[in-house]
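Worksheet: one structure, shown below.
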Amino acid sequence: DMRGSSTLTIGASSVFAIEGTGNHDFWRADNIGSGGRVIEVAERGRILWSGSADLRGGDGGAMVVRSGGFFEVQNNRTLTYNGSGNVPTFTNEGVFMKSSGDGKTTVAIPFANAASGSIGVYSGVVEFTSSFTNTNGSVMLDHGSALVVPGNLNMGTGSLMGWGTVTAPGGVTVGGTFFPERLTITGDLTLLSSAFSGFDLGGPAQGITIEDGYGFVQVNGTATLGGTLGLHFANNFQSTLSSESSLTLLSATSLTGAFA
């Protein structure tokens, strides 16, 4: 256990490994219920969470990843509340990423992604089941991974890109860069007037890497278009197209709006 009321700072070039079996708790653990342990990851510091143990907080404890810091997940466990005192929180100003583990990692405490923060899902599933807010931060998916949020995923001016699935019952709103490689959105998609939607076009196959295909997004809901559309050709693919060529970049249950 990481008990106490002081702040534990993971400094530059330091790696704090959370591993093994059995639950790991960050809390005050003296029945006061608030002012619990704060674990802060400084610039160029890193937390590496692996193994088969859940990570639990209590007594108002907090995980805080500063700009340039990293919190890396390499398991399929749960970050949750241990039932003691005030609910813990997670604030990400740096990088929160899942790099391995084909199953699901669950974040069951309030999570706030700041403007400087990025969420990267490169393996398996990351599901946020408590409150989730994103204040102009970015989201990146790859290798067919998945991100699940409990309500709306409002990207603000942050970027959403990659290959995978985003599930947001309240819909996805993008006002910054939208760059799908092979993206499925379960929920509505709204592209604001400030959004830039970019698609790589490198070959005739839909939703494949730029080496032999082109970017594609499937919206299982209503897609509301807006902002600017940008196309980037590669592999001299443009020379194979004619005025009769057709590429489907976006498909939706229903479609409204238009690109500028």
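None of these values were measured; they are calculated from a predicted model.
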Looking at side-chain heavy atoms only, is the closest gap between Gln218 and Asn220 below 4.5 Å?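 Gln218 reaches Asn220 side chain to side chain.
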Would you check if Gln206 and Phe216 make a side-chain contact, meaning some heavy-atom pair closer than 4.5 Å?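 A side-chain contact under 4.5 Å exists here.
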Rounded to the nearest 0.5 Å, how far apart are [atom1] of [X] and [atom2] of [Y]?
X: Leu201; Y: Tyr214; atom1: CG; atom2: OH; result: 8.5 Å
X: Ser130; Y: Leu79; atom1: OG; atom2: CG; result: 10.0 Å
X: Trp27; Y: Met2; atom1: CH2; atom2: CE; result: 11.5 Å
X: Glu127; Y: Thr106; atom1: CD; atom2: OG1; result: 5.5 Å

Could you walk me through whether Asn82 and Asn23 pass the side-chain contact (heavy atoms from CB on, under 4.5 Å) check? CA-CA 9 Å; Asn82 67 6; Asn23 296 323; over 6 Å; no
Qualifying residues under salt bridge (Lys or Arg N to Asp or Glu O under 4.0 Å), relative to [X], sequence neighbours excluded:
X: Arg3; result: Asp1
X: Asp212; result: none
X: Asp142; result: none

Spell out, as yes or no, whether a donor-acceptor pair under 3.5 Å connects the side chain of [X] to the backbone of [Y].
X: His24; Y: Ile18; value: no
X: Ser123; Y: Ser145; value: no
X: Asn152; Y: Asn154; value: yes
X: Asn86; Y: Gly60; value: no
X: Thr253; Y: Gly221; value: yes
X: Ser242; Y: Glu244; value: yes

Donor-acceptor pair between [X] and [Y] side chains, under 3.5 angstrom:
X: Ser6; Y: Arg37; answer: yes
X: Thr256; Y: Thr224; answer: no
X: Glu93; Y: Ser67; answer: no
X: Asn113; Y: Asn92; answer: yes

For [X] versus [Y], what's the shortest heavy-atom pair and its separation?
X: Ala108; Y: Thr78; answer: CB-CG2, 4.4 Å
X: Phe199; Y: Leu249; answer: CE2-O, 3.5 Å
X: Val174; Y: Ala195; answer: O-CB, 3.5 Å

What I want to find out is whether Glu43 reaches Arg66 closely enough, with some N-O distance under 4.0 Å, to be called a salt bridge.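 Result for this pair is no, no salt bridge flagged.
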Test: side chain to side chain donor-acceptor pair (under 3.5 Å). Region: residues 50-64. Which pairs qualify, not counting sequence neighbours?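 Qualifying pairs, neighbours excluded: Asp25-Arg56, Asp54-Arg77, Asp59-Ser84.
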According to the side chain to side chain donor-acceptor pair (under 3.5 Å) rule, which pairs have a member within residues 178-194, sequence neighbours left out?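 Passing the test, one end in residues 178-194: no pairs.
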Do Met161 and Phe178 pass the side-chain contact (heavy atoms from CB on, under 4.5 Å) test, and can you show the C-alpha distance, the side-chain angles, and the key distance before you say yes or no? CA-CA 6 Å; Met161 57 185 68; Phe178 182 57; over 6 Å; no
Listing request: all ring-ring contact (aromatic ring centres under 6.0 Å, His included) pairs with a residue in residues 38-90, at least two apart in sequence or in separate chains.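 Passing the test, one end in residues 38-90: Phe71-Phe90, Phe71-Phe96, Phe90-Phe96, Phe90-Phe111.
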